[in-house]
Amino acid sequence: MAGQKIQAPKGVSEYMPPRSDVFEFVREALIDPARRAGYSLMELPVFEDTELFTRGVGASTDVVSKEMYTFTDRGDRSITLRPEGTAGVMRAVIEHGLDRGALPIKVWYSGAFFRAERPQAGRYRQFYQVGIEAIGLDDPAIDAEVIAIADAGFRAIGLTKFRLDLTSLGDSQSRAAHRVDLLKFIATLDLDEATAARASINPLRLFDDKREEMKNAMAKAPLLMDYLSDASRAHFEQVKKYLNVLGISYVLNPRMVRGLDYYTGTTFEFVHELLGAQSGIGGGGRYDGLMQELGGQELSGIGFGLGIDRAVLAAEAEGVISNELFVSDLLIIPLGELAKERALVIAAGLRADNKTVEIAFGDRALKGAMKAADKSGARYVVVLGDSEIASGHVELKEMNTGATASVRIDSLINEL
RNA sequence: GUGGGCGUAGCUCAGCUGGUAGAGCACCCGGUUGUGGUCCGGGAUGUCGCGGGUUCGAGCCCCGUCGCUCACCCCA
């Protein structure tokens, strides 16, 4: 049947004007602090060998076990749309031998990620992230700097109603020691089937249960934070010290749980107050065993992934983005064929000088063109007709105030 | 995968106990000479998600189906 409308696949996030301007602004705001800290772009494929994720992220994680878009390509290879960014960066670093060059490797990336979940507010099947990774440095100062870069990005957007949750997952011996006691403790609880199943996959998950009775039950559970080895503890103390120096406040959250298996040591999450159920706007941490797990050298690393979609929602919830940011400097209304030609040339010149200039094409009546100019939000409007062309002067009208000034066409640039 | 809510003009929604569709916003044109935002006048717009059933008659009732949405799980 002809004319059937085709809809976007379920749960994808799309941005139409004018909201797409907000999206772009947010993305750039999140990337900028990384660039300023010496991080370089790494542009990676959105699909990878499935094994990269089962091995890197962890086969027992929800992300890998039930949320991946996996398919077989024409060469019978198992391919997966990337559900997160770190594993791909590691793969590329190893594949291209970057780990044999100067350390640390500092890169950022931005793009679409995919998880086959039931969509809800702030959770999409295709979503966007900005991430950075700093690989090959154990210095706790880099941990603090990575966190500071994320914080600076959120602040640049104008967000203030968020907090930073911080913890340390320790090294493998810290976790092994804790796990023994935690499992003993959990064995004393009377759990329903689903909860027991979760506990068997990852006992730390129970710390994240939202039910009151579970929160109460877990209140006395042994905390990983109390099992940190001396080295892990010392590292974490330094991270906290540097954050204090930076004036970045955080909330110690020893019950924080992350869904990806590779995290070790310093781990953090940015949580926004106004977002509802999906309130995490970004998170990250150390992953000191990941590189080796993926066949590379034994290099440590730390990074984060920030949710662009959620940052947009947060910005909207806080009402911090002014649409003044996205309006044109000037709109030219040409009257007549000759004026249209001149308008094209004038606009091209001003654009080359970094101004944003629109032309009201379409030979509309002046009144209609002015209405359109008003709606566009352009800061200034100029009507270009025969008399202006003859005199070389235009009336430059400031739309906010209605004030006009006579300006020579070739010095318009100085007035915008 | 589980549960709740909802699907009526581009958008937000109204539509009483079934009688065959409306508002606001937005949009377009006009209010006579080349300057917007207010005001006034006019105008276009809907397979009432889809399919079936009940009925003389269904947007309103029943069944199915698809979709959207929120929450759980999990996470950006």
Side-chain angles (χ1 to χ4, degrees), chain A residues 1 3-13 16 26 30 57 60-68 82-86 110-131 150 154 194-195 197-198 201-202 205-206 208-211 256-260 269-272 275-284 304-314 331-336 339 360 362 364-378 380-388 394-404:
Chain A
M1 191 190 280
Q4 281 281 354
K5 278 189 194 163
I6 297 173
Q7 289 182 282
K10 189 187 192 72
V12 301
S13 67
M16 303 299 118
V26 166
L30 293 176
V57 178
S60 72
T61 61
D62 280 17
V63 167
V64 168
S65 65
K66 53 183 209 191
E67 296 172 2
M68 294 207 302
R82 62 184 184 185
E84 60 92 56
T86 304
S110 175
F113 295 85
F114 308 84
R115 290 182 199 171
E117 305 176 87
R118 273 290 265 282
Q120 69 187 75
R123 191 174 71 185
Y124 309 99
R125 292 185 167 184
Q126 172 169 337
F127 58 99
Y128 296 87
Q129 285 191 352
V130 168
F154 290 133
T195 310
R198 281 204 289 146
I201 293 168
N202 180 356
R205 290 270 178 82
L206 298 196
D208 209 23
D209 204 299
K210 290 178 182 166
R211 294 169 295 182
M256 181 160 69
V257 179
R258 307 239 68 218
L260 311 180
E269 203 166 86
F270 288 87
V271 182
H272 197 269
L275 285 192
Q278 311 303 323
S279 57
I281 52 176
F304 63 59
L306 311 181
I308 304 176
D309 310 274
R310 289 186 186 175
V312 167
L313 291 171
L331 183 137
I332 302 172
I333 300 173
L335 300 177
R364 290 220 276 174
L366 180 58
K367 180 158 182 159
M370 281 304 294
K371 281 191 176 178
D374 185 43
K375 271 170 222 141
S376 81
Y380 291 95
V381 168
V382 148
V383 174
L384 191 67
D386 293 340
S387 59
E388 285 81 7
V394 290
E395 289 293 314
L396 182 65
K397 180 164 189 174
E398 185 175 7
M399 294 300 274
N400 280 339
T401 63
T404 62

Inset, instruction - Under 4.0 Å between any heavy atoms, over every strand shown, what does Y128(A) touch: base, sugar-phosphate, or nothing? Just pick one. - result: nothing
Inset, instruction - Output all residues satisfying side chain to side chain donor-acceptor pair (under 3.5 Å) with S13(A), sequence neighbours left out; order by chain, then residue number. - result: D309(A)
Legend entry - ring-ring contact (aromatic ring centres under 6.0 Å, His included) partners of F154(A), counting only residues at least two apart: F162(A), F270(A)
Legend entry - S60(A): side chain to side chain donor-acceptor pair (under 3.5 Å) partners, not counting sequence neighbours: D261(A)
Legend entry - Partners meeting side-chain contact (heavy atoms from CB on, under 4.5 Å) with R258(A) (sequence neighbours left out): Y263(A), T267(A), E269(A)
Inset, instruction - Tell me, please, which residues at least two apart from A372(A) pass side-chain contact (heavy atoms from CB on, under 4.5 Å). - result: R364(A)
So which protein N/O to nucleotides 2-7 of chain B N/O distances come out below 3.5 Å?
from	atom 1	to	atom 2	distance (Å)
rU2(B)	O4	R118(A)	NH1	3.1
rU2(B)	O4	R118(A)	NH2	3.1
rG3(B)	O6	R118(A)	NH2	3.3

Identify each donor-acceptor pair in which a side-chain atom of residues 61-68 of chain A lies under 3.5 Å from a protein atom, sequence neighbours left out, and give them as a table.
from	atom 1	to	atom 2	distance (Å)
T61(A)	OG1	G58(A)	O	2.7
T61(A)	OG1	V64(A)	N	3.3
S65(A)	OG	T61(A)	O	2.9

Legend entry - Letter per nucleotide, 5' to 3', of nucleotides 24-43 of chain B [B base touched, S only sugar-phosphate touched, - untouched; heavy atoms, 4.0 Å]: ---SS--B--BBBB------
Legend entry - hbond_proxy R115(A) side chain to rC74(B) base (donor-acceptor, 3.5 Å cutoff): no
Legend entry - Structure string for RNA chain B in dot-bracket form, Watson-Crick and G-U at under 3.5 Å, | interchain: (((((((..((((.....[..)))).(((((.......))))).....(((((..]....))))))))))))....
Legend entry - A403(A): partners by side-chain contact (heavy atoms from CB on, under 4.5 Å), with sequence neighbours left out: T401(A)
Legend entry - Contacts of type side chain to side chain donor-acceptor pair (under 3.5 Å), residue E84(A), not counting sequence neighbours: Y262(A)
Inset, instruction - Check the geometry between F127(A) and rA76(B) and answer yes if their rings are stacked (centres below 5.5 Å, planes below 30°), otherwise no. - result: yes
Inset, instruction - Tell me, please, which residues at least two apart from A112(A) pass side-chain contact (heavy atoms from CB on, under 4.5 Å). - result: F114(A), Q126(A), Y128(A)
